[in-house]
Amino acid sequence: MSRELIYQGKAKDLYTNPEDEDLIVTVYKDQATMLNGARKEILAGKGALNNQISSLIFEKLNAAGIRTHFIKQLSKTEQLNKKVAILPLEVVLRNVAAGSFSKRFGIEEGLVLKRPIVEFYYKNDELDDPFINDEHVMFLNIADGNDIAFLKEETRRINNLLKKWFDQIGLQLIDFKLEFGRDADGNIILADEFSPDNCRLWDAAGNHLDKDVFRRNLGSLTAVYEEVLERLQGLV
Ligand code: UDP
């Protein structure tokens, strides 16, 4: 029996895992996209870098007691994950104002938020992932009140861990996006990836070591992702 394609995404493809149907194989691709796929580029090595960065972070999250879909890295570009039903939600946490938050509120990028802010976006390409609140999440039958409270608390818990690890390697975690899914037992667990594609990382000099390098044409994306991976590999 061979693997069958389940889902083709912008940055990753998902395949069945014939040896165990509760698991899937995720293959990271070399494609960078923005504006909902309107701009696309192939960047050699990006898939391997994101897979390695995300695998390293998810291993550490698992070890810290966060329930995630991550089982193990299979190769440079592939990992083994638990099969989940992804909630159509982008859960964004912000430590520092940047990007759409700065635009929406007319606040300069770089303002440190006194308390990190959790936001929800409805994952829907046709609607351009609109910004929604708790009541919209319930109206859309994505999650109930208890689930929403869990998603917010878990995201803050993950932030505390990530902020500490990035701080140890001289990077400030500005903001990030998470996705959660329900496993076979109905538990909500962390899924998708954690890489510089879906977070913002600034070094002490204010350089961007994340996808803003691509979005804002600041230089070589893979060179900065390589640097993030090397720094993370030095974490004890
Ligand atoms: N983000 C993401 N996918 C999206 C939108 C945002 O991974 O479809 C991440 C983004 O990389 C950043 C955080 O979520 O780390 C907040 O993004 P923001 O709302 O500021 O949007 P942007 O300015 O990136 O359009």
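Every number for a ligand or one of its atoms is a count from 1 in the order of the listing. Atoms considered below: every heavy atom in the structure, side chains included; atoms not considered: hydrogens, waters and symmetry mates.
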For [atom], what is the nearest protein heavy atom, given as residue, atom name and distance?
| atom | value |
| --- | --- |
| atom 7 (O) of ligand 1 | Asn198 CB, 2.9 Å |
| atom 22 (P) of ligand 1 | Arg200 NH2, 3.5 Å |
| atom 1 (N) of ligand 1 | Lys177 CB, 3.9 Å |

Under 4.0 Å from atom 25 (O) of ligand 1, do we find at least one protein heavy atom?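 Not a single protein heavy atom is under 4.0 Å away.
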Do you know which of Asn198, Asn51, Ile57, Thr26 makes side chain to side chain contact (heavy atoms under 4.5 Å, CB included) with Glu193?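 For Glu193, the side chain to side chain contact (heavy atoms under 4.5 Å, CB included) check succeeds only for Asn198.
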Quick one: which ligand 1 atoms are inside 4.0 Å of a heavy atom on [X]?
| X | answer |
| --- | --- |
| Asp197 | 7 (O), 11 (O) |
| Asp175 | 12 (C), 13 (C), 15 (O), 16 (C) |
| Glu90 | 3 (N), 4 (C), 5 (C), 8 (O) |
| Cys199 | 11 (O), 15 (O) |
| Gly99 | 20 (O), 23 (O) |

Under 4.0 Å, heavy-atom basis, I'd like to know which part of [X] is in contact with ligand 1: side chain, backbone, both or neither.
| X | answer |
| --- | --- |
| Ile174 | neither |
| Glu119 | neither |
| Arg215 | side chain |

Would you check if the side chain of Thr16 reaches a backbone N or O of Glu4 as a donor-acceptor pair within less than 3.5 Å?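 Yes; at least one donor-acceptor contact below 3.5 Å.
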Verify, without hydrogens or angle tests, whether Tyr225 (side chain) and Pro196 (backbone) share a donor-acceptor contact under 3.5 angstrom.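 Judged by distance alone, yes, a pair lies under 3.5 Å.
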Strictly below 4.0 Å, N to O, side chains only: are Asp183 and Lys83 in salt-bridge contact?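 No, no charged N to carboxylate O under 4.0 Å.
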Are His136 and Phe120 near enough that their ring centres are under 6.0 Å apart?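 Between His136 and Phe120, the centre distance exceeds or equals 6.0 Å.
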I'd like to know whether the aromatic ring centres of Phe194 and Phe176 sit less than 6.0 Å apart in this structure.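 Between Phe176 and Phe194, which both carry aromatic rings, the centre distance is below 6.0 Å.
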Could you tell me if Arg39 sits above the aromatic ring of Phe214, with its cationic atom closer than 6.0 Å to the ring centre and no more than 45 degrees from the axis?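 Yes, Arg39 and Phe214 form such a contact.
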Please determine if Arg104 forms a cation-pi arrangement with Phe131, meaning its NZ or CZ atom is less than 6.0 Å from the six-membered ring centre and no more than 45° off the ring axis.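 Positive - Arg104 is close enough to the ring of Phe131 and near enough to its axis.
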